[in-house]
Protein chains: 2
Amino acid sequence: MATIYDIAKRAGVSIATVSRVLQKSSKVKPETYAKVLHAMQELNYTPSAIAQRLANKEITSSTFGILIPDISNLFFIEILRGIYDTIRLQENNILLFSITPQSRATVFDRVQKENLQGLFVISFPLLPEEQDVFRQFFSPLIFLENIQPGYPSLFINNYKGGELAAEYLLSHHPSSIGLIGEKGSPFPQIERFIGFKEYIQKRHPLPLYEEYLTIDAHFPYESYTEMAREATIKLYAQYGVKHFFFYSDVLAYGGIKAQKDIPEKIIMIGYDDIPTSSAFHLTTIHQPGYELGKKGAELMLSLIKNPSPTPPPRLCLEPTLIVRD
Amino acid sequence: MATIYDIAKRAGVSIATVSRVLQKSSKVKPETYAKVLHAMQELNYTPSAIAQRLANKEITSSTFGILIPDISNLFFIEILRGIYDTIRLQENNILLFSITPQSRATVFDRVQKENLQGLFVISFPLLPEEQDVFRQFFSPLIFLENIQPGYPSLFINNYKGGELAAEYLLSHHPSSIGLIGEKGSPFPQIERFIGFKEYIQKRHPLPLYEEYLTIDAHFPYESYTEMAREATIKLYAQYGVKHFFFYSDVLAYGGIKAQKDIPEKIIMIGYDDIPTSSAFHLTTIHQPGYELGKKGAELMLSLIKNPSPTPPPRLCLEPTLIVRD
DNA sequence: CTGAAAGCGCTTACAG
DNA sequence: CTGAAAGCGCTTACAG
């Protein structure tokens, strides 16, 4: 790679002059300017961003990092959008790190080497041995959709989401309710069901039939919904269940399909409010993913101005009921 | 910010020793090592990644950039995933730039300052005045979902996608066909319809009724599908149309909804194959977005080893028909 | 095991 | 308008 010295020699000037041309300084005689420009083109010169930053004393990189567990999860994409729309207004860059269980260690390593201006960690509980890595991270660190003790955290009230779903179903006078979920769900999902069940217990105890499906994250949606469809039909056939709460909208789509094979009208509610759900008039609980990202980004920007307030701020966002039927 | 000099002074050693501790070099006496480490902690020291890179002569930043028009578009997310899965294996970072018409200029400016190892431009025709900016970009540059003359480009055969849709509908012996699209679509979308119409003309000319909806990108899906639903019902009522080709799966969802109000069975096909379409058994044309990203990333990695072959490579990926009914 | 010194590729007062 | 020189914060042979 050509450097400023090569250009200077080629153009017969000093490196100071070359640098001035680089800065588009007007204090360079037009002929000199042209000569330097010409030399740059001949040598295919690109200035080193790194050297420029060092010389300019740009200490922080004006780049934010985002650690995201799964790029294809629509909810995470919503969070990402919220962060993006807010950060972008500030003219900063975003480095995206997608993490798999296998790549955790190497990714954390790279994150550290980046001198980021700040880091968002989305839905990602830290393992004990990883705590140390992040303790050495001195830029602001914000956890989203996950409470990390000792760090600023933003999360959604999943318990409340479950309660809202229960309230909705109860208003339709069910004699029993079917719960259709996923085996081995992470805690936030489980909380929805806890909120749901406790609300039912308190207000109007009635039989709850639970079905937990075994789902592989790499299945196409079709198999999710097919399993949910079968579970719905089964609960109706066995126990006459006509009211359903689904762990997620995708599972609820299985309920929509099941309706065809069930003579009576089914009342159902999903969870997430992914974009397609509006198309199919699915009543569901809206997760404020975009808002979560937006609030997180705003908090980040304020932390940069005024670092580490104690105790670390926590913000809880409320889900909302979207009735579509 | 503390520098290596501050640490050296505090610990009573030379900067060379501090640097050795930073490198975790074993050639440092344990007591000295501990002293330096202690000083670092006291001063909250973080090494400057920029200075390290300059000293290490890391010229390229091991970071790839991705220019993406719209983070919330699922098809782009698919491409992103394809790129990500491939690039990540190589331990590189990804800088994400989301672009809006207003931010084009500033984003391009920032992209240039990054000394990226390579840049992916997704679905983004360059304006004439922008060509120059990219001509000064000497790392490999790949255009995805968009043919940019003079640059490596990967794209999908939209014409073929239209033909496949036509072939499918013709196999159901239609007497007329409804086309439901979007007003002011970009060229790739239009190509689908061209391929479709030409195929019909050639094989089995019959009446085509076209409806172009006026859609705002910020509408919720619901209004897309509602408009498509009405258009479907209208074409059935006015002309008895029972076979439909929709510009996109989201529009086709409107067709699915319209079925309820139409006494006869409707045959329809969408375009995109977004994940939820499998849940609703929508027959559609699959766009190989993930593969596009994957092939693009592979091409990128090979261009880095062996820059600018002439002519710039072009790769066309074929869509496939997914029959689900 | 440790330090003095040169170098990474740039910027920018300062002097002319 | 231009050049010599110091400096940005590190690394790393070299000598001891």
Side-chain angles (χ1 to χ4, degrees), chain A residues 1-40 43-63 112-117 136 138-139, chain B residues 1-40 43-63 112-117 136 138-139:
Chain A
M1 288 293 283
T3 73
I4 207 173
Y5 289 92
D6 304 320
I7 307 299
K9 192 186 291 176
R10 185 103 177 187
V13 298
S14 76
I15 61 160
T17 300
V18 177
S19 178
R20 288 192 186 101
V21 171
L22 241 33
Q23 313 305 314
K24 303 207 168 60
S25 158
S26 53
K27 297 182 184 167
V28 180
K29 208 194 331 177
E31 299 123 68
T32 319
Y33 200 102
K35 239 181 354 187
V36 172
L37 226 48
H38 186 68
M40 287 181 175
L43 297 178
N44 253 217
Y45 173 73
T46 322
S48 155
I50 286 182
Q52 286 183 313
R53 289 201 178 135
L54 186 58
N56 282 326
K57 305 186 186 74
E58 292 175 27
I59 309 155
T60 43
S61 60
S62 88
T63 297
Q112 275 213 294
K113 293 218 179 88
E114 282 301 323
N115 273 183
L116 297 170
Q117 204 180 136
Q136 291 169 28
F138 291 110
S139 317
Chain B
M1 288 291 283
T3 72
I4 207 174
Y5 289 92
D6 304 319
I7 307 299
K9 193 186 291 177
R10 184 104 179 187
V13 298
S14 74
I15 60 158
T17 300
V18 177
S19 177
R20 287 191 188 103
V21 171
L22 241 34
Q23 315 304 313
K24 303 203 169 63
S25 158
S26 52
K27 295 182 185 167
V28 180
K29 210 194 330 179
E31 299 122 69
T32 319
Y33 200 102
K35 242 183 348 192
V36 172
L37 225 49
H38 185 69
M40 288 180 174
L43 297 178
N44 252 220
Y45 172 73
T46 323
S48 155
I50 286 181
Q52 287 182 314
R53 287 201 179 135
L54 185 59
N56 282 325
K57 305 185 187 77
E58 292 175 28
I59 310 157
T60 44
S61 62
S62 87
T63 298
Q112 275 212 296
K113 292 217 179 88
E114 283 300 324
N115 274 183
L116 297 169
Q117 203 179 136
Q136 290 169 29
F138 291 110
S139 317

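The sequence lines fix the lettering, A, B, ..., with proteins before strands; numbering per chain opens at 1.
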Watson-Crick or G-U pairs under 3.5 Å in DNA chain C, rendered as dot-bracket with [ ] for crossing pairs and | for another strand
|||.||||||||.|||
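Every residue two or more places apart in sequence or in another chain was checked for a side chain to side chain donor-acceptor pair (under 3.5 Å) with Arg20(B), and none qualifies. For Lys9(B), there are no side chain to side chain contact (heavy atoms under 4.5 Å, CB included) partners at least two apart in sequence or on another chain. Every residue two or more places apart in sequence or in another chain that forms a side chain to side chain contact (heavy atoms under 4.5 Å, CB included) with Leu54(B) is listed here: Ile50(A), Ala51(A), Leu54(A). For Ala49(B), the side chain to side chain contact (heavy atoms under 4.5 Å, CB included) partners are Asn115(A), not counting sequence neighbours.
Atom CG in Leu37(A) sits 9.5 Å away from atom CG in Leu22(A) (nearest 0.5 Å). Of the inter-residue distances, the one linking Leu43(B) atom CG with Thr3(B) atom OG1 reads 9.5 Å to the nearest 0.5 angstrom. The structure places CZ of Arg10(B) at 13.0 Å from CE of Met40(B), a figure rounded to the nearest 0.5 Å.
Of the candidate nucleotides dC1(C), dC8(C), dT11(C), dC8(C) has the atom lying nearest to any side-chain atom of Lys57(B). Minimum atom distance to the side chain of Tyr5(A) is reached by dG9(C), of the listed dC10(D), dT12(C), dG9(C). Residue Gln23(A) places its side chain closer to dT11(C) than to any other of dC10(C), dT11(C), dG9(D). When distances run from any side-chain atom of Thr32(B) to the nucleotides dC10(D), dG9(C), dC1(C), the shortest one goes to dC1(C).
Taking atom P in both dA6(C) and dT2(C), the straight-line distance is 23 Å, to the nearest Å. Here, dT12(D) and dG16(D) have their C1' atoms 16 Å apart, quoted to the whole Å.
Rounded to whole Å, atom C1' of dC10(C) lies 13 Å from atom CG of Asp6(A). Rounded to a whole Å, the CZ atom of Arg53(B) is 19 Å from the C1' atom of dT12(D). As a whole-Å value, the separation of Ile4(A) CD1 from dC8(C) C1' is 13 Å. Residue Ile50(B) contributes atom CD1, which lies 20 Å from atom P of dG7(D) at whole-angstrom precision. The nearest whole Å value for the distance from the NZ atom in Lys29(A) to the P atom in dG3(D) is 10 Å.
Closest non-hydrogen pair, Val21(B) versus Tyr33(B), comes out as O-OH, 3.7 Å. Of all heavy-atom pairs between Tyr45(A) and Ile4(A), the closest is CE1-N, 3.9 Å. Shown here for Lys35(B) and Ala11(B), the closest heavy-atom pair between the two residues is CE-O, 3.6 Å.
Nearest-nucleotide positions on DNA chain C for Pro30(B) and Leu54(B) put Pro30(B) closer to the 5' end.
Contact annotation: Gln52(A) reaches the phosphate of dT11(C) (side-chain N/O to OP1 or OP2, under 4.0 Å). For Asn56(B), a side-chain nitrogen or oxygen approaches OP1 or OP2 of dT12(D) to under 4.0 Å. Within the 4.0 Å cut-off from OP1 or OP2 of dC10(D), at least one side-chain nitrogen or oxygen of Tyr45(B) is found.
Of the residues in residues 8-21 of chain A, those lying under 4.0 Å from DNA chain D by heavy-atom distance are Val13(A), Ser14(A), Ala16(A), Thr17(A), Arg20(A).
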